[in-house]
Protein chains: 2
Amino acid sequence: MSTPLPDRLRQRYLRTKRQPVSQSIPGFALEILAEDRVGLMADVMNLVSSFKLSADFIQSWSDFDDRVHMLIQVREAAGGDEIIEAVQKIKSVEHVQLRPTNLRTYGKRVIVLGGGAQVAAVASGAIVEADRHNIRGELISVDTIAVVGEAEIAQAVRAVGRLHRAGILVLAGALMGGEITEAVTELREMYGIPVVALKMAGSVREVADLVVTDPTEAGVMAVMLLSNIGKFDLLRVHGQEF
Amino acid sequence: MSTPLPDRLRQRYLRTKRQPVSQSIPGFALEILAEDRVGLMADVMNLVSSFKLSADFIQSWSDFDDRVHMLIQVREAAGGDEIIEAVQKIKSVEHVQLRPTNLRTYGKRVIVLGGGAQVAAVASGAIVEADRHNIRGELISVDTIAVVGEAEIAQAVRAVGRLHRAGILVLAGALMGGEITEAVTELREMYGIPVVALKMAGSVREVADLVVTDPTEAGVMAVMLLSNIGKFDLLRVHGQEF
């Protein structure tokens, strides 16, 4: 394995690793339920700006009853109730609440993809290790998908680049190559997300940042790599096999 | 256990259960990387409307290098390259791509929350069962967080209501009550998300939809409850203990 370390990956990894994520980080979220209408998002965002708040995450989706559900996360500390009152006055808004941000609730994310048996083993290691970190005040969560087929796995790998707070991907399988290998290269170069692969058949381990034989250890290492407290550092162990 | 079934939960559950989610569902996403500026979101949304597309999920966030990363998911089938070309002409947009939606990539979500040992056991059952469904063409993923403390667990439970595509929550622990029980009631009544609890100490199982003793089985059942192919139906088994 002699995969180079893309600049983008190095920068993003260092930023993720150094970020102390706990219940005490600043920022809050506005959760809004509203009847949909043209200009609603613009009205909400104008109001947020008028309070001199900078939104670094916005999500808006149709709820199952066709109302609009919005989440606006800002970096600043929560102020008084003035913003709630102001949002409530926006036309068609039905319900507003101050909420903790997703980063403060679920933290950095380890993503595990692949075949069920191995995803379950990696996830188990990652969850138990994340528990140890979270008990010490960090916030790391573990998200998984068991997926079958080269094209489908490649699609799921590429989509990790669009997951908010994703810190690292673990590929759990017995054979991965072809289009999956291309997707891993794209994820590392375009989004800067590091990839750990189990020791498996196929070309994917040639382009991964780390190859780990035991699935429990792969899960544990993935969490350690994201931890702000832990000393384990991808830039030191990059390219190695365990 | 004699928890009533809120109307909202019944409606949302039926909609989730009946939704066939696979690689063949219509809809596509626009992924955009841009330099941030006032009015960017409005320009993008106006363009989407001018193509007669209806966005049912919008996400916009600051990337690690302070560029804006946007994901606009629409319900309609993907058209030609005209929309790509049109978005590329919007001021400050650097990169645009057509992508599959998150629903088509990761599907419906089972969320598992609680203590590490039990979260790992529930997740393992859920992942292996999701694998069986995904092999038959469904899409179900399993997301977890190991979290410690009554207030922190309650916060994580409430936040499930703000997770896109969340279908069901499994509480994996040995003691949950107090504020967690209030959060479960809020999640079920306000958001309509069903809750499975392990058989444990504390009041939480009195307000859960289903109580399951074995953690592997709890994970398996949670997946079966979301499956469009499977016959297992929450409205039939609601209030039971296994």
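Naming: A, B, ... by sequence-line order, numbering from 1 per chain.
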Check the pair Arg99(B) / Glu186(A) against salt bridge (charged side-chain N to carboxylate O under 4.0 Å, His left out), numbers first and verdict last.
CA-CA 14 Å; Arg99(B) 296 290 198 181; Glu186(A) 185 181 317; 3.1 Å; yes
Please walk me through it: do Val223(A) and His133(A) pass side chain to side chain contact (heavy atoms under 4.5 Å, CB included)?
CA-CA 8 Å; Val223(A) 170; His133(A) 286 267; 3.6 Å; yes
Chi angles and distances behind the side chain to side chain contact (heavy atoms under 4.5 Å, CB included) call for Val48(A), Leu30(A):
CA-CA 10 Å; Val48(A) 168; Leu30(A) 282 170; 4.2 Å; yes
Please assess Arg37(B) against Asp43(B) for the test salt bridge (charged side-chain N to carboxylate O under 4.0 Å, His left out), listing each intermediate value before the final yes or no.
CA-CA 11 Å; Arg37(B) 68 170 173 85; Asp43(B) 287 352; 2.7 Å; yes
Report the C-alpha separation of Glu179(B) and Arg158(B) in whole Å, then their side-chain angles, then the decisive distance to 0.1 Å, and conclude whether the salt bridge (charged side-chain N to carboxylate O under 4.0 Å, His left out) test is met.
CA-CA 11 Å; Glu179(B) 203 189 327; Arg158(B) 288 193 172 95; 3.6 Å; yes
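For His95(B), the part sitting under 4.5 Å from any heavy atom of chain A is the side chain, from C-beta outward, and nothing else. Residue contact with chain A, scored on non-hydrogen atoms closer than 4.5 Å, involves the side chain of Arg67(B) exclusively. Of the two parts of Arg8(B), the backbone and the side chain both hold a non-hydrogen atom closer than 4.5 Å to a non-hydrogen atom of chain A. The contact between Val160(B) and chain A is made by backbone and side chain atoms together, counting heavy-atom distances below 4.5 Å. Interface residue Asp66(A): only side-chain heavy atoms are found under 4.5 Å from chain B. Only the side chain of Glu31(B) comes within contact range of chain A, with at least one heavy atom under 4.5 Å from a heavy atom of that chain. Only the side chain of Arg75(A) comes within less than 4.5 Å of a heavy atom in chain B; its backbone stays farther off. If you measure heavy-atom distances from Ile140(B) to chain A, the contacts under 4.5 Å come from the backbone alone. Using a 4.5 Å cut-off between heavy atoms, Gln97(A) touches chain B through its side chain atoms alone. Heavy atoms of Ala42(B) lying under 4.5 Å from chain A are absent altogether.
A heavy-atom distance below 4.5 Å is not found between the side chains of Tyr106(A) and Asp143(A). Looking at heavy atoms from C-beta onward, Ile32(B) lies out of side-chain contact with His69(B) at the 4.5 angstrom threshold.
The distance from the NZ atom of Lys17(B) to the CG atom of Leu226(B) is 8.0 Å, given to the nearest 0.5 Å. Atoms NZ and OG, from Lys108(B) and Ser141(B) in turn, are 11.5 Å apart once rounded to the nearest 0.5 Å.
Heavy-atom pairs under 4.5 Å with chain A were tallied for Ser124(B), Ser60(B), Ala121(B); the largest tally goes to Ser60(B). Contact count versus chain B (heavy atoms, under 4.5 Å) is highest, among Ile111(A), Val68(A), Leu163(A), Asp131(A), for Asp131(A). The greatest number of non-hydrogen atom pairs below 4.5 Å with chain B, out of Ile135(A), Val38(A), Leu139(A), is found for Ile135(A). No other option in Gln23(B), Met70(B), Gln73(B), Arg162(B) has as many heavy-atom pairs under 4.5 Å with chain A as Arg162(B). Ranked by non-hydrogen atom pairs under 4.5 Å with chain A, the options Thr105(B), Val147(B), Val148(B) are led by Thr105(B). Contact count versus chain B (heavy atoms, under 4.5 Å) is highest, among Met45(A), Gln11(A), Arg15(A), for Arg15(A). Chosen from Asn102(A), Asp65(A), Val112(A), Thr16(A), the residue pairing most often with chain B at heavy-atom distances under 4.5 Å is Asp65(A). Top candidate by heavy-atom pairs under 4.5 Å with chain B, chosen from Ala120(A), Ala130(A), Gly161(A), is Ala120(A).
Counted by atom type alone, Ser227(B) and Glu138(B) present one or more donor-acceptor pairs between their side chains at under 3.5 Å.
Ring-plane geometry between Trp61(A) and His164(B) is classed as perpendicular, the angle between the planes exceeding 60 degrees on a 0 to 90 degree scale with a lower cut at 30.
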